[in-house]
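Residue numbers begin at 1 in each chain, while the letters A, B, ... track the order of the sequences.
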Amino acid sequence: MSLEFLNELNPQQRQAVCHTQGPLMIVAGAGTGKTRTLTCRIAYLVREAGVDPANILALTFTRRAAWEMKQRIAHLLGEKEFMLPEIGTFHSVCAKILREEISVLGYDRDFVILTEEEQIDLLREAGAKSRPEANACLKQISAFKNRRCAETGAPPLFSEYQAALKQRNATDFDDLILHVLRLFETTPQILNRYMDRFRHILVDEYQDLNPPQYMLVRILTGPDQNLCVVGDADQAIYAFRGAQVENFLNFQKDYPRAEILRLEQNYRSSPVIVKAAEQVVSRNTLRMEKRLWSDAETGERIRIMEVGDEKQEARWIASRIETLLGGTSMFHHDTDRIQAGEDPGHYSFSDMAVLFRLRAQARPLQATFEQAGIPCRLLSGERLDRRPDMRQVRSLLRFLAGPEKDAVLPGMLKASLISLSKTREQSSLQDLIRELSGICHLDEITLRSLKAMALPYLNLTWGTSLPSFLHDLCLGRESDLFDPRAQAVTLLTMHAAKGLEFPVVFICGLEEGLMPYARDGSPSADEIEEERRLFHVAMTRAMKELYLLHARTRILYGSPLPGEPSPFLQDIEEALFQADVLKKKSRPPKKENQQLGLF
DNA sequence: CTGGTGCGATTTTTT
DNA sequence: ATCGCACCAG
């Protein structure tokens, strides 16, 4: 029985880990080791406090976070010694519960989870005139569901939509949570069973809970109130999808016995970066008392660059990337010898990320990087579930998996599949996928993803594996497959960057109007605070070097924007940065290949 | 039914 | 600037 992991924790972390009874709120700033603390706490509960892992539930928002936590717990608890606690996203845990209990609500246990595309189709059948209308409708319905408390009347087509779902034995993502909530509210026996089972509940990113998720946690928390939540009000950036920071700020009101612990030592970034990020976010009013610090080496000053336009911005970043690769050649990525931090200034492509507010900003960056021969990947670029061929696969699999019910299939395919399912009942998922790729004309990316996703199920016969495979598919397990070790610069939105870290970070488009983003008119005070948090999140992704860029003018959605520097830049004290201006470079009219000369 | 054309909208995103 | 969609013509 080893608890040596305790030695690697700082006093605050250890305090959080060793607190095992009653409600606990851990206020964990960016990069303060919150996942480590959470996982150690679970290990401690099991190894030291004698809690049965079966009595522990850990809830996260993303599958990545759940996966990460599982890995670390498995490591801390030892492979075979203990079973794993229930660790999963809100949605996956709810889906699991519903697989057991949903008959109470009048659905079949083999209900399907609709993707966005399928929701749209459903709405159009339910009476939406056009696609945009269905889109708007869906947005309203989802917003309505995510703010469950404000009973401001259901949006148009709401009841039609819900009826159609039920009629097809289907749910959408929002309903996964809402159904479980309803189950618990209306059926005390079921609630008591789960309450009795999950005696210790841990919630990650508590500041991001929307009302249904918040209520779910509240209702499921038993009389012992062994509820541990972790979060950071300064990283609340999802108000637009119903998250309410107030849940976090009010924790002690909801659970008066709650203890509050703060993790304030940042292990990720240089003191310069931590300080600057703090200075920016401390202008907010809606936050929790907390100060982040780092005792790492002071580090480079932040560079603030003023450039002419988005093209110049991209080019400057590209050339900077080349410099950071270690000087003269940019072919280091072929060799694996270069480790981040081994030799200051020598980074690999995957050590660097470019962050922006709007997806629309990615294009010029991609174009320029391609010209410069810099490999890059756009994170959360294409969603696999939006591919038409993947969609087809999904309905085919559904058809094969269940009683044929409402399979919406082109007749021709239906015919070939019936024969397929007859002849293939003894064969493997692998074979099935091969067959499917023929029938659906899958493109290479889709096929590769499908194969990767099927990997865990390959040794089962498809009769047993298909339902679980399909279930995974519906919960969107597909987007896991991006390779985090890809030798490429990462391009991503500031939102998508949350939870990630990179030695070198470029944040671009830091102009008034873009950051904070003013869609139409000027943003409200609340919105500005949220944008400021977003900028804070972006800054704290950087470990060693941080570059902040703003352009004097920028073409966005086809028309030019004026470019005052973002007011957020004013909040950083001068000692922490070095500012440079890139003068307009007179370019001969020839556009092609012109840029190559720069490198 | 299919391909061309023109119009409008275009934060941020997970599951 | 770009993309997707609705609509229309063949």
Just the rounded figure in Å: distance from [atom2] of [N] to [atom1] of [X].
{"X": "A/Leu534", "N": "B/dT11", "atom1": "CG", "atom2": "C1'", "value": "10 Å"}
{"X": "A/Leu209", "N": "B/dT15", "atom1": "CG", "atom2": "P", "value": "15 Å"}
{"X": "A/Leu138", "N": "B/dT13", "atom1": "CG", "atom2": "C1'", "value": "14 Å"}
{"X": "A/Glu530", "N": "B/dT13", "atom1": "CD", "atom2": "C1'", "value": "12 Å"}
{"X": "A/Ile528", "N": "B/dT12", "atom1": "CD1", "atom2": "P", "value": "19 Å"}
{"X": "A/Leu178", "N": "B/dT14", "atom1": "CG", "atom2": "P", "value": "20 Å"}
{"X": "A/His179", "N": "B/dT15", "atom1": "NE2", "atom2": "C1'", "value": "15 Å"}
{"X": "A/Asp174", "N": "B/dT13", "atom1": "CG", "atom2": "C1'", "value": "12 Å"}

Given B/dT14, is OP1 or OP2 found less than 4.0 Å from the side-chain N or O atoms of A/Thr89?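 So the side-chain polar atoms of A/Thr89 never come under 4.0 Å of the phosphate oxygens OP1 or OP2 of B/dT14.
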
Can you see if the side chain of A/Arg241 gets near the phosphate of B/dT12 - specifically, an N or O under 4.0 Å from OP1 or OP2?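 Answer no for this pair, as no side-chain N or O of A/Arg241 is under 4.0 Å from OP1 or OP2.
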
Which of the following nucleotides, [options], is nearest to the side chain of [X]?
{"X": "A/Arg359", "options": "B/dT15, B/dT10, B/dT13", "answer": "B/dT13"}
{"X": "A/His495", "options": "B/dT11, B/dT12, B/dT15", "answer": "B/dT12"}
{"X": "A/Tyr238", "options": "C/dA1, B/dT15, B/dT13", "answer": "B/dT13"}

ring-ring contact (aromatic ring centres under 6.0 Å, His included) against A/Tyr206, all qualifying residues, sequence neighbours excluded: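 Only A/Phe251 meet the ring-ring contact (aromatic ring centres under 6.0 Å, His included) criterion with A/Tyr206.
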
In plain terms, say whether A/Arg283 and A/Asp571 are close enough for a salt bridge, that is, a side-chain N and a carboxylate O under 4.0 Å apart.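 Salt bridge between A/Arg283 and A/Asp571, a charged N being under 4.0 Å from a carboxylate O: yes.
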
Answer yes when A/Asp175 and A/Lys145 have at least one side-chain N-carboxylate O distance shorter than 4.0 Å, and no when they do not.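 Here A/Asp175 pairs with A/Lys145 in a salt bridge, since their nearest N and O are under 4.0 Å apart.
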
Starting at the 5' end of nucleotides 3-8 of chain C, put B wherever the base has a protein heavy atom under 4.0 Å, S where only the sugar-phosphate does, and a dash everywhere else. S-SS--

Any donor-acceptor pair, under 3.5 Å, between the side chain of A/Arg357 and the base of B/dT11, if you only look at N and O atoms?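 Indeed, a donor on one side and an acceptor on the other fall under 3.5 Å apart.
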
Output all residues satisfying side chain to side chain donor-acceptor pair (under 3.5 Å) with [X], sequence neighbours left out; order by chain, then residue number.
{"X": "A/Arg197", "answer": "A/Glu86"}
{"X": "A/Gln366", "answer": "none"}
{"X": "A/Glu278", "answer": "none"}

A/Arg315 NZ/CZ over A/Phe369 ring centroid, <6.0 Å and within 45° of normal: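 Output no; distance or angle outside limits.
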
side-chain contact (heavy atoms from CB on, under 4.5 Å) involving A/Asn284 - partner list, sequence neighbours excluded: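 Partners of A/Asn284 under the side-chain contact (heavy atoms from CB on, under 4.5 Å) test: A/Val281, A/Arg287, A/Glu529, A/Arg532, A/Arg533.
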
Compare the ring of A/Phe90 with the six-membered ring in the base of B/dT15 and state whether they stack (centres under 5.5 Å, planes under 30°).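 Answer is no, no stack.
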
Got a list of protein N/O to nucleotides 2-8 of chain B N/O distances below 3.5 Å?
none

Looking across every strand, which nucleic acid part, if any, lies under 4.0 Å from A/Phe61 by heavy atom: base, sugar-phosphate, or nothing?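 It contacts sugar-phosphate atoms only.
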
Residues forming a salt bridge (Lys or Arg N to Asp or Glu O under 4.0 Å) with A/Glu527, sequence neighbours excluded: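 Per chain and number, A/Glu527 pairs via salt bridge (Lys or Arg N to Asp or Glu O under 4.0 Å) with no residue.
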
Suppose we screen for salt bridge (Lys or Arg N to Asp or Glu O under 4.0 Å). Which residues come up paired with A/Lys70, at least two apart in sequence or across chains?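 With sequence neighbours excluded, A/Lys70 shows a salt bridge (Lys or Arg N to Asp or Glu O under 4.0 Å) to no residue whatsoever.
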
